Amino acid sequence: MKLDGKRVLVTGASSGIGLALARVLAARGAVLAISSRGAERLEQLSEELASACPGIRKPLPVACDVADGESVRHLIGACVETFGTLDALINNAGICVYGSVEKTPVADFRSLLDVNFLGPVQAMLEVLPFMKRQGHGLIVNVSSVAAIHGVPYLGAYGASKAALVALSQSMRVELAGSGVRVMLVYPDYTESAIFENETKVGGARRPEGPYAPTADVAEAIVRAIEAGKRDLILGARGKTLAFLDGIAPALVENAMRKIAAELREEE
Ligand SMILES: NC(=O)c1ccc[n+]([C@@H]2O[C@H](COP(=O)([O-])OP(=O)(O)OC[C@H]3O[C@@H](n4cnc5c(N)ncnc54)[C@H](OP(=O)(O)O)[C@@H]3O)[C@@H](O)[C@H]2O)c1
């Protein structure tokens, strides 16, 4: 997919991977809509992108809480009203909860599902009629390496991201022949605000890293979009995990058990 002139919505564009994606997409000449919850930050970002890439149409900033169905409906409606349609929707907005499953309150599971799963679901349901009518469209769902195999202390988070994987795989085959494609992205640890903003429920400390730069992750995602890939697993660790999980899941579980023991905090 050539991105020059393509109408692309990025959710979670105010920070981290989404912000880096907005920068790379703007540099490629995409017609952008950028979204997250804070209207003021989005206005600033729109100005910043327009002055960094003078040839592009000024990105459309639309504040939206993806956990709120009405807000998502308004977001897609604003994009369609302004651009006529969308060529690509990048469901990137996300939150994290860190800690052992047994310490995670049900309310935190709900928040994760509302933002990381139901947010993308709602956006896809809103955008699909337009994409199907025009006979083409790309939906990019940002999952996580933690959805490939359960990672210690990311159980609730990984579950919300694994739900997105299963749904995306079902949609791919259901949408075959419609011209609408679904791509899955599995980032590994990436430098971003997600770790400061996450809810910590106790039981463990965070691993030391390494953490990939957001600019590298965004460039890899955009290249995968251009190349028409179905899946993008980021980082050597993520790729190794996916490979070993396919051929030797017991080995992976053993490695995860060691990581769990290393990170566990005494009560
Ligand atoms: N960083 C990693 O190591 C890593 C690894 C695997 C997967 N991922 C995934 O990558 C995606 C981007 O994360 P990131 O690391 O770049 O995190 P980040 O820097 O914290 O960015 C998260 C973005 O999502 C937005 N957001 C959060 N809650 C929202 C809500 N309810 N409605 C609308 N927007 C909301 C935030 O904007 P506002 O707060 O301004 O609304 C922000 O723009 C997420 O889906 C995350 O799960 C990240």
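Predicted model only: the values in this text are computed from it and were never measured. Whatever order the structure lists ligands and atoms in, that order sets their numbers, starting from 1.
Looking at N92, its side chain does come within 3.5 Å of a backbone N or O of T11 through a donor-acceptor pair. Remark: side-chain polar atoms of T190 are paired, donor with acceptor, to backbone N or O of D188 under 3.5 angstrom. Judged by distance alone, the side chain of K229 and the main-chain N or O of M183 form no donor-acceptor pair under 3.5 Å. Looking at Y157, its side chain never comes within 3.5 Å of a backbone N or O of I95 through a donor-acceptor pair.
Some N or O of T190 is nearer than 3.5 Å to an N or O of ligand 1, by distance alone. Distances between N or O atoms of G12 and those of ligand 1 include at least one value under 3.5 Å. Residue Y157 has at least one N or O atom closer than 3.5 Å to an N or O atom of ligand 1. Polar contact with ligand 1: absent for G38 (N/O pair, distance under 3.5 Å). For ligand 1, the polar-atom distance check finds no N/O of A67 at less than 3.5 Å from any of the ligand's N/O atoms. Taking any N or O of I17, backbone or side chain, at least one lies under 3.5 Å from an N or O belonging to ligand 1. Checked against a 3.5 angstrom limit, the closest N/O atoms of N92 and ligand 1 fall inside it.
Atom 31 (N) of ligand 1 has its closest protein heavy atom at D65 OD1, 2.9 Å. Considering only non-hydrogen protein atoms, atom 29 (C) of ligand 1 sits nearest to R37 NE, 3.5 Å. Taking atom 34 (N) of ligand 1 as the reference point, the nearest protein heavy-atom neighbour is A93 CB, 3.6 Å. Looking from atom 40 (O) of ligand 1 to the surrounding protein, the closest heavy atom is S14 OG, 3.1 Å. At the top of the distance list for atom 4 (C) of ligand 1, counting protein heavy atoms only, stands D188 O, 4.0 Å. In this structure, atom 33 (C) of ligand 1 lies nearest to the protein heavy atom C64 O, 3.2 Å.
Under a cutoff of 6.0 Å and an axis angle of 45°, R206 and F195 do not form a cation-pi pair.
Ligand 1 lies out of reach of S71, whose nearest heavy atom is not under 4.0 Å from it. Residue K161 places a heavy atom less than 4.0 Å from ligand 1. Within the 4.0 Å heavy-atom cutoff, T11 does not count among the residues contacting ligand 1. Ligand 1 lies less than 4.0 angstrom from a heavy atom belonging to F195.
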For this session: For I90 and I225, run side chain to side chain contact (heavy atoms under 4.5 Å, CB included): C-alpha distance rounded to whole Å, both residues' side-chain angles, the deciding distance at 0.1 Å, then the answer.
Result: CA-CA 10 Å; I90 306 184; I225 292 173; 4.1 Å; yes
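R110 pairs by the side chain to side chain contact (heavy atoms under 4.5 Å, CB included) definition with V106, not counting sequence neighbours. Looking at residues two or more places apart in sequence or on another chain, you find a side chain to side chain contact (heavy atoms under 4.5 Å, CB included) between A193 and S15, E196, N197.
In terms of heavy atoms, A220 sits closest to L234 at CB-CD2, 3.6 Å.
Numbered from 1 in the order shown, with element, the atoms of ligand 1 that lie under 4.0 Å from a heavy atom of G16 read 16 (O), 19 (O).
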